[in-house]
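Letters go in sequence order (proteins before strands), and every chain restarts at 1.
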Amino acid sequence: MLHLVNKSPYASSCMDSVEKYAHKGSPILLFEDGVYAAMAGAAFESRIKEIMGDHEVYVLKEDLAARGIADRMVEGVKEIDYAGFVDLAEQNKTASWS
Amino acid sequence: MKFGVLILEGPYQHESSDSAYHFTKAALEKGHEVLRVFFYQDGVINSTKLMEPQADDRHIQRQWSELQEKYDLDYVVCVAAAKRRGINDDVIGPGFKIGGLGMLTEVAIEADRVVQFGA
Amino acid sequence: MGEEEKGEKLMIVFRKAPYGSIYSFEGLENVLIMGAYDQDISVLFIDDGIYAIKDGMETEAVGIKNFSPTFRAIEAYDIEKLYIDKDSLESRGLTVDDLVIQPKVIDAEEVESLMEDQKNFFMF
């Protein structure tokens, strides 16, 4: 199952829910304000790295660019565009944690 | 693949409608079918042609309407949610139609995947 | 008709608190409509969604309709697969005795499995 997260981890408990309910191996896509979760050098970095031990973490390029943090991603996060988002949604059922 | 799209947030206040638009467009460009875009909760407000954003901003209703025209898409604005928020046949833009909430169940039955934006 | 003979598996997930926003109320409207389609419907309560079925609500003073009694009606719509996350209840200091309906209590681990088992589901 693909878990969609569109809220900043500093403002919302969405990531807590995903961590709690997502099975090991289920991919996570960060988009909209969710992309802030994957920023290097930030308070959430250690958490996202832990999460990346159990899940593939994708971030939506368009939303990264819009927020000026494209060059600040934690290593190992996979950047995709909307076409890639569609591919992920084709391969997985999706759960929207807003 | 047969996709359905569900939008729960209104225009501008949240990015959900923009994300749903880009997702829908990308799915169509990849050759997927989008059986229906269902506008529910504050998502119904995306349909109003009364919105007048500043000239240098995107016009959310118009970009949805143009996508509908290009691909002959089915846009359903939930009647119960619309009534609550002052959206009716007089204000909806081209390509949108007001319909029952059952049309969301229908697309959940028929589509391989309904992707939800907002909540 | 046995549950196996029903149509597609569809689920509504409640994960937001009532009254502070309209998500759960309109989610409930969706459950009632889905119930009319003779499909294999499940309803799941997780996170703050469990507050939507707390008993003893008195909403007159906030002027918003108390919709919790409507949850009792969903069994009349032939929707009997009701689930609630154990940890969401416990961490909020509630038990099933505090609720207007008695969903089956499941572990967090079962939540994604239940979602994966559906043809489609929505979260409100």
Side-chain angles (χ1 to χ4, degrees), chain B residues 1-10 13-14 16-17 19-20 23-24 27 32-47 74 76-87 98-119, chain C residues 5-49 51-52 63-65 67 70 74 77-79 81 111-112 114-124:
Chain B
M1 175 166 271
K2 291 176 184 170
F3 280 108
V5 173
L6 170 63
I7 301 171
L8 300 184
E9 307 295 349
Q13 178 101 21
H14 295 275
S16 294
S17 178
S19 300
F23 178 89
T24 303
H32 295 294
E33 275 182 79
V34 176
L35 297 185
R36 176 169 291 155
V37 180
F38 195 88
F39 297 84
Y40 192 37
Q41 306 210 305
D42 275 4
V44 299
I45 303 167
N46 291 292
S47 67
D74 184 38
V76 177
V77 176
C78 172
V79 61
K83 279 191 164 181
R84 221 170 247 138
R85 294 164 177 85
I87 301 294
I98 292 185
L101 185 48
M103 295 171 92
L104 176 59
T105 301
E106 285 171 13
V107 73
I109 294 168
E110 287 161 27
D112 302 308
R113 203 82 86 224
V114 182
V115 182
Q116 170 181 338
F117 293 86
Chain C
E5 294 163 63
K6 283 197 176 180
E8 300 292 350
K9 287 189 169 185
L10 305 174
M11 182 164 74
I12 298 296
V13 182
F14 289 90
R15 66 175 295 267
K16 300 233 190 242
Y19 310 117
S21 65
I22 199 171
Y23 296 107
S24 61
F25 175 68
E26 290 189 326
L28 176 59
E29 289 192 325
N30 196 18
V31 171
L32 300 180
I33 297 289
M34 272 190 168
Y37 278 75
D38 205 27
Q39 303 296 307
D40 186 356
I41 311 289
S42 297
V43 178
L44 169 64
F45 299 89
I46 60 172
D47 299 342
D48 280 354
Y51 290 133
I64 306 175
K65 183 177 154 187
F67 61 92
T70 313
I74 63 181
Y77 286 76
D78 212 16
I79 297 169
K81 295 181 173 176
V111 167
E112 187 179 298
L114 205 51
M115 290 173 173
E116 195 65 59
D117 197 36
Q118 309 300 317
K119 173 148 193 196
N120 278 301
F121 67 93
F122 305 121
M123 293 215 260
F124 291 96

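Contact check for B:Q116 versus C:F121: no side-chain heavy atoms found under the 4.5 Å cut-off.
Proximity to chain B (any heavy atom under 4.5 Å) is shown, for C:Q118, by neither the backbone nor the side chain. Of the two parts of B:L6, only the side chain, counted from C-beta on, holds a non-hydrogen atom closer than 4.5 Å to a non-hydrogen atom of chain C. With a 4.5 Å cut-off on non-hydrogen atoms, B:E110 touches chain C through its backbone but not through its side chain. In this structure, chain B has heavy atoms under 4.5 Å from both the backbone and the side chain of C:F122. Residue contact with chain B, scored on non-hydrogen atoms closer than 4.5 Å, involves the backbone and the side chain of C:I22 alike.
The shortest heavy-atom contact between B:L8 and C:M123 is CD1-O, 4.0 Å. Here the shortest heavy-atom pairing between C:K119 and B:I109 reads NZ-O, 2.7 Å.
The distance from the CD atom of B:E106 to the CE atom of C:M34 is 11.0 Å, given to the nearest 0.5 Å. Atom SG of B:C78 sits about 8.0 Å away from atom CD1 of C:I33, to the nearest 0.5 Å.
The residue among B:G100, B:A111, B:G118 with the most heavy atom pairs within less than 4.5 Å of chain C is B:A111.
Annotation: salt bridge (Lys or Arg N to Asp or Glu O under 4.0 Å) contacts involving residues 12-28 of chain C, sequence neighbours excluded, comprise B:R84-C:E26, B:R85-C:E26, C:R15-C:D47.
The residue from C:L10, C:I41, C:N120 that alone fulfils the side-chain contact (heavy atoms from CB on, under 4.5 Å) condition with B:T105 is C:L10.
Among residues 33-42 of chain B, the residues having any heavy atom closer than 4.5 Å to a heavy atom of chain C are, in sequence order, B:Y40, B:Q41.
Under the 3.5 Å distance criterion, the side-chain polar atoms of C:E8 are left unmatched by any main-chain donor or acceptor of B:A108.
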